[in-house]
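This is a predicted model, so every value here is computed, not measured. We name chains A, B, ... by the order of the sequence lines, and we start the count at 1 in each one.
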Amino acid sequence: MPVTLTRRAALRGGLAGLGLAGLGAAGLTGCGGAPATAAIPEAGPAGPARRGGRMVIARPPASGAETLDPASSLSAYEYLGALYDRLVVLDDTGAAVPGLAESWESTPDARTWRFRLRRGVTFHHGRELTAADAVHTLRRILDPATSSPMAGVFAGLLEPAGLSAPDRYTLQVALAKPAAELPSLLSGYQCGVLPASGEIGVGTGPFVLGGFTPAGRGGVTAHEDHWAGRPHLDEIAFASVADAQARTNALLAGQVHLLMQTNLDTATARVVASSPRTTVARSRNAQWYTIPMLATAAPFTDPAVRDAVRLAYDPQAVLDTAARDAGVVGGDNPVPPEQRDWVSTLRPRDPDRARSLLRRAGAEGLELDVYTSAYDPLFTPVAVAFADSLADAGIRARLVTAPADSYYTQVWMTRPLCVSYWFTGRPIDQLLNQIFRSGSSYNESAWADPRFDAMLDAARAETDAARRRTLYQDAQRYVATHGSALTPMFADRLVGMSRDVRGYREHGFEFDYRGLGFA
Amino acid sequence: MTAYVLRRLGVSVLTLLLASVLVFVALQALPGDLATQLLGRDATPDAVAALREQLGLDRPAWERYLGWLGAALTGDLGTSLVSGDPVTADLAVHLRNTLLVAGPAVLVGIPLAVALGVVAGLYRDRAPDLVISTICLVGMSVPEFVVATVLVLLLAITVPLAPAVVLDGPTAPVADLAGAIWLPAIALTTVMAAYIVRMARAGVIDTMGSEFVTTATLKGVPRGRIVLAHVLPSALLPTLNVIAVNLAWLIGGAVVVEAVFNYPGVGTLMLRAVQNRDVPTLQAVAVLGAVVYVVVNLAADLAAMALDPRLRSTR
């Protein structure tokens, strides 16, 4: 008897077979794999790290034009913290604490600063760190030829001539305007200190460069004479894996020990956490999701429409849909809750008031396009929950999915409404000035409010820490009620790692390479 | 015969030229350029302008194309806009890596596929055919990234026989890559073989029903001889072109399979060049793809002429 076999039947039978095959390891694609109850661990494996070992870390390559120049916008991020130290680092409350500078002081007007450098710090090539190296590092950032993304942070504040070295271990910074938060601004990962002799790839950091290929393999070895003590690991090997799923597969197969700069989606994180070889740690509130309403584009040129959208959408629904228990509600305040100057801006949503605001603005039955893309796994869940919740105020929001590879050049800062995110970790002064100040190149909502700019200037000039804190809190309340960018939530980064990894600590842009090791 | 080959080669040059124009135009039509792609969110107007000037992207598109074409005619495919390395060397090393995977897939996969197709055709609707056809339909129906992912799941994670992904860069020595080529090779073979098996099976069934086979059978020619000497040459004619297309696919860029395994072959090079809008690299990949396509198709047609005397006499 002839048996007819159709493509449909074969596909059905075939997929059943694949399903059986997938039972063993709970399905890589996350469709119906691990039980929904499998919890994602709150923290990575605890316990002391032993000395020694070679850790393989998988990283997403930025591009074939990657460089080890910390100041460049094309830098290979994962190498920077291993190779370079900065003058100042941030603790997990966002406070500036000593790095290569062991102390600092300013004149009462916060315009002239002196940073005293640690003595006896050596570069990887053996020479001692001096103030001339710090001057060189900061001048490179200010040099337009470097096109450093950090240059904008110092614009109007610092000129190359303002940097000097009164003695071998003192860096003097003379500012054009007062900046009471200057030390924290020097903590940026672009500020890794380079030797004045001009080499790139040589720093004072906990690891010495072994090899580097853009978008390829590379490695670093322990810096025996690091000023804070030798790192636990002997060696770190970096492997560039462009595809996030391939990175996860490499971890599950035991080829790599840690995935850097990789936020596992919830389904994948459950698979990784339930594998006998691997587990998941969290970098708390590592990214904040934002929905910028472009203040220069209709309909958001009308502040009443922006207010209505802010009152209408449901941040809790966004969090529940997109991040569940791996995040917190943002309250339209971009400052993360761990930040010592953070203030709560949460308030109840009010779709009815939003509706009446729209009616008064003549924008009843508003229709909006919300742009999203596969650039980040949480964009679309955020967009879906956001768009759905707007319906309560009679706003009809339609999702538009744009290609991921040109999202940040064609959609972001171009379309009136899109979903985006930032990594948290900017010091509060930089965060508010870089992303919310009128005319800043990173001001994604093109919001321009002279009152807010004046608040930032006042905070920057205030040398009394308690009063400055109050001013920054006022600025947060202002941006949360008048700003043009919504901040529905902060989300943890779910970091996949081998179960024998110890000492993983990461907050913001601070990654503890020295403490990392094996059980 | 020689005139035919020369004419085909002449047309091929035109094909190559058209392919390079099309790729160039398509890249211009994509949103963004190298400067904006590399800088991403750091693409401030100043930074973009500086990078464009540095890369010569501020010149008009036609001028850049003609400059590229002029150099390409002298054998210089230019330098990658991203890495600054010569494109020829870059392409050569990625092609080497692709051939490492394509080699086993072709040498083992194609003869196996043809043999399976013939068996299925001869045992039409009986047990061997049902088994082979079912497997092939599944192979054709399941997307290649699923095949690749299932292979990783089974042979790298559950039973760690081979590495799940390639951690080496493109310039790694062959010895370092050797351990990692098997899973991508199996994935490619599975996807490619299915089509060839189906085609060979159809060809055999068709030919077995033809009058000359009936005549030979009635004449008392042994079945083995009928199959080998009479059926195979005719049955394989349509299969040749399917094999040619698959070869071109293998060498010209198995993008998806390479991405799953992070394999540094031509497909990965192409994907990265598109994402970065790296025009010289992508032009080189396109030209390679066109060359391979033209050559394998020509080879398929020549092989068809060798198999079928009727094709020869008409020329």
Begin from the C-alpha positions of A/Ser406 and B/Arg277 and carry the test side chain to side chain contact (heavy atoms under 4.5 Å, CB included) through to its verdict. CA-CA 10 Å; A/Ser406 53; B/Arg277 316 284 190 260; 3.9 Å; yes

For chain B, the option from A/Ser73, A/Ser147, A/Gly216 that forms the most heavy-atom pairs under 4.5 Å: A/Ser73

Using heavy-atom distances under 4.5 Å, tell me whether A/Ser275 contacts chain B through its side chain, its backbone, both, or neither. neither

Taking every non-hydrogen pair under 4.5 Å, which of A/Tyr407, A/Phe238, A/Tyr442 racks up the most with chain B? A/Tyr442

Between A/Leu252 and B/Ile157, the two heavy atoms sitting closest are CB-CD1, 3.5 Å

Take a 6.0 Å sphere around CZ of A/Arg277 and say whether it holds more than 12 heavy atoms from other residues, nucleotides or ligands. yes

Ignoring hydrogens, what is the shortest heavy-atom contact between A/Ser63 and B/Val82? Give both atom names and the distance. OG-CG1, 4.4 Å

Any chance OH of A/Tyr77 has more than 12 other-residue heavy atoms, nucleotides or ligands included, within less than 6.0 Å? yes

Quick check on A/Trp422: does its CH2 atom have over 12 non-hydrogen neighbours (other residues, nucleotides or ligands) under 6.0 Å away? yes

Nearest 0.5 Å, what's the CD-OG1 distance between A/Gln245 and B/Thr149? 6.5 Å

Heavy-atom distances under 4.5 Å only: say whether A/Gln255 touches chain B with side chain, backbone, both or neither. both

What parts of residues 160-172 of chain B touch chain A if we use heavy atoms and a cut-off under 4.5 Å? B/Pro163, B/Ala164, B/Val165, B/Leu167, B/Asp168

For atom CZ of A/Arg415, is the number of surrounding heavy atoms from other residues, nucleotides or ligands below 6.0 Å larger than 12? no

Part of A/Glu444 lying under 4.5 Å from any heavy atom of chain B: side chain

Do you know which two heavy atoms are closest between A/Ala246 and B/Ala259, and how far apart they sit? CB-O, 4.0 Å

